[in-house]
Amino acid sequence: MHSTAKPGIQTGSMNPTAGASMATTVVTATEEKKKQAEQPKPEHKPQRARQDEKFKIFSGTANPALADEICSFLGMARAQCNINRFSDGEVYVQLLENVRGGDVFVVQPTSHPVNEHIMELLMMIDALKRASARRITTVIPYFGYARQDRKDKPRAPISSKLIADLLTTAGAHRALIVDLHAPQIQGFFNIPVDHLFASPVLVAEVRKMALPALTVVSPDAGGVERARFFAKKMDSALAIVDKRRVEMDITEVMHVIGDVRGRSALILDDIIDTAGTLCKTADALLEAGASSVYACATHPVLSGPAVERIAKSKIEQVIVTNTIPLSAAAQKEPKIVVRSIGGLIARAIQSIHEETSVSSLFA
């Protein structure tokens, strides 16, 4: 008689004690698992935060100090690139870091020399596109050619539209711009545009000054919306200066709309270029009875005789941001005070990178 049991395994009929042995074995294994489960697990050491290698911020030569400040705020180092000139003036750009699949930001205000800095920006965008960056965001603290936003004369270009097209064609996926001369310029872009305002920085500074009986003044009709928003934040009165432009860079102030007599007047503008409009507006306000005149502007272009005009004017103080680096002469002028916008831009960059809302920064 042959047994059907497999070799090495005893059946119950052949070994009456086998069932008890197996039961004992099962119980022992279960108890062992319970013991292991009850034992405290070793504590894992907290992992060190890893730097996001796909998140990079580059800068052109227009304002590297602002780019470094933004990077410092975000706790990261500025990405390295080589920007040079050939002997004939051609721009040369080479990225010195891997950007494949990265979320890349390029900080470059298109300030003086405007065309040089625009070419740098375009070539950096093209280099990033050809290096397979996943997303390229142009961070333009000051958008040059913004004042040429319409055909105000026959056979004239709309240059700000042209610049927007060039940035898009070069390969930019989105743009972050501070205080456009005209908000509708956002519509010139065929890519998403985040439009930041410097008002939080400027409002905080003016509040520290505690100016008595403050009136916020728009130097022209085009800036009324900006001045009205600022006046609402400061809980102050609003006035407008009516001006007529005679020639390019030459304006003639007409009269003040609103009561400024015996009050502190704060002229609010987006750009101070030659400071001609600013100084004439200040004179008109003083003639209308203002007790003192101050000024705020986001972009200190300060070209030509601007610094000299401000120094000779009756303006008490001019507050600007660092969207554009000041010239040596402007840095020495005690009336010109600079406040940083780096933290505001850094928070916007972080929100864009993390795909969160930036609307809280628009105030």
Side-chain angles (χ1 to χ4, degrees), residues 62-70 107-112 114 117 139-144 146-147 177-181 195-209 211 214 216-220 222-223 226-227 229-231 233-234 241 249 264-282 285 292-346 348 361:
N63 199 347
L66 176 59
D68 286 337
E69 187 177 337
I70 292 169
V107 180
Q108 176 83 330
T110 52
S111 52
H112 177 79
V114 180
H117 289 151
V139 182
I140 310 175
Y142 169 67
F143 185 72
R147 286 171 286 182
I177 306 176
V178 180
D179 266 339
L180 281 166
H181 184 65
H195 185 202
L196 289 183
F197 300 96
S199 54
V201 175
L202 298 176
V203 165
E205 182 63 21
V206 174
R207 279 177 177 163
K208 292 178 185 177
M209 298 166 65
L211 300 176
L214 177 64
V216 177
V217 180
S218 173
D220 53 35
R226 183 185 302 108
F229 178 84
F230 200 96
K233 287 287 184 181
M234 294 298 302
V241 173
D249 294 332
S264 302
L266 176 71
I267 305 169
L268 182 69
D269 212 346
D270 61 325
I271 300 171
I272 301 177
D273 191 354
T274 60
T277 298
L278 179 67
C279 295
K280 288 180 179 178
T281 301
L285 292 169
S292 59
V293 178
Y294 298 80
C296 273
T298 305
H299 309 299
V301 176
L302 301 178
S303 64
V307 176
E308 183 181 356
R309 284 174 173 172
I310 291 172
K312 293 180 178 179
S313 72
K314 295 180 180 179
I315 300 174
E316 302 286 339
Q317 192 175 81
V318 178
I319 305 167
V320 297
T321 72
N322 59 341
T323 57
I324 301 173
L326 293 183
S327 63
Q331 291 177 19
K332 295 177 183 178
E333 175 52 49
K335 286 186 178 181
I336 301 175
V337 177
V338 183
R339 291 295 173 261
S340 177
I341 202 172
L344 183 67
I345 297 176
L361 303 175

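Just so it is clear, the structure is predicted and the values come from calculations on it, not from any experiment. Position 1 is the first residue of the sequence, and the numbers go up from there.
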**OP:** Can you tell me which residue pairs pass the ring-ring contact (aromatic ring centres under 6.0 Å, His included) test with a partner in residues 293-337, sequence neighbours excluded?
**Re:** Y142-H299

Original post:
Does some side-chain heavy atom of V107 sit less than 4.5 Å from a side-chain heavy atom of I345?
Top reply: no

Subject >> M234 side chain near L211 side chain, heavy-atom distance below 4.5 Å >> reply: no

Original post:
Below 4.5 Å, heavy atoms only, C-beta onward: do T277 and D220 meet side chain to side chain?
Top reply: no

Original post:
Do V206 and V216 come within less than 4.5 Å of each other through their side chains, counting heavy atoms only?
Top reply: no

**OP:** Could you tell me which non-hydrogen atom of A282 sits nearest to which non-hydrogen atom of I267, and how far apart they are?
**Re:** N-CD1, 3.8 Å

Original post:
What pair of heavy atoms forms the shortest contact from E316 to S292, and how long is it?
Top reply: CG-CB, 4.2 Å

**OP:** Give the minimum heavy-atom separation between C279 and S313, together with the two atoms involved.
**Re:** SG-CB, 3.8 Å

Subject >> Which atom of V307 lies closest to which atom of A329, heavy atoms considered >> reply: CG1-O, 3.8 Å

**OP:** Starting at CG of L266, measure out to CD of Q317 and round the result to the nearest 0.5 Å.
**Re:** 10.0 Å

Original post:
Does a side-chain heavy-atom distance below 4.5 Å link Q331 with V338?
Top reply: no

**OP:** Walk me through it: do H181 and I271 pass the test side-chain contact (heavy atoms from CB on, under 4.5 Å)?
**Re:** CA-CA 8 Å; H181 184 65; I271 300 171; 4.2 Å; yes

Subject >> Main-chain N/O of N322 paired to N63 side chain as donor or acceptor, under 3.5 Å >> reply: yes

**OP:** Considering non-hydrogen atoms only, spot the tightest contact between S199 and F229 and give its length.
**Re:** OG-CE2, 3.5 Å

Subject >> All salt bridge (Lys or Arg N to Asp or Glu O under 4.0 Å) counterparts of R339, not counting sequence neighbours >> reply: E205

Original post:
Looking at CZ of F197 and CG of L180, how far apart are the two atoms once the value is rounded to the nearest 0.5 Å?
Top reply: 8.0 Å

Subject >> Passing option when V178 is tested against D270, L344, L196 for side-chain contact (heavy atoms from CB on, under 4.5 Å) >> reply: L196

Original post:
Tell me, do I336 and L302 make a side-chain contact under 4.5 Å, heavy atoms counted?
Top reply: yes

Original post:
How long is the span from the OG atom in S303 to the NE2 atom in H112, to the nearest 0.5 Å?
Top reply: 9.0 Å

Subject >> Close side-chain approach of H117 and S111, heavy atoms under 4.5 Å >> reply: yes

**OP:** For V318 and I315, work out which heavy atoms get closest and say how close.
**Re:** CG2-CG2, 3.9 Å

**OP:** Report the distance from atom CG of D273 to atom CG of L278, rounding to the nearest 0.5 Å.
**Re:** 11.5 Å

**OP:** For T321 and T298, indicate whether the former's side chain and the latter's backbone hold a donor-acceptor pair under 3.5 Å.
**Re:** yes

Original post:
Between K335 (side chain) and I310 (backbone), is there a donor-acceptor pair under 3.5 Å?
Top reply: yes

Subject >> Between CD1 on residue I341 and CG on residue L202, distance to nearest 0.5 Å >> reply: 7.5 Å

Original post:
Is there side-chain contact between P300 and I272, with at least one heavy-atom pair below 4.5 Å?
Top reply: no

Original post:
Say you draw a straight line from CD1 of I177 to NE2 of H195; how long is it, rounded to the nearest 0.5 Å?
Top reply: 7.5 Å

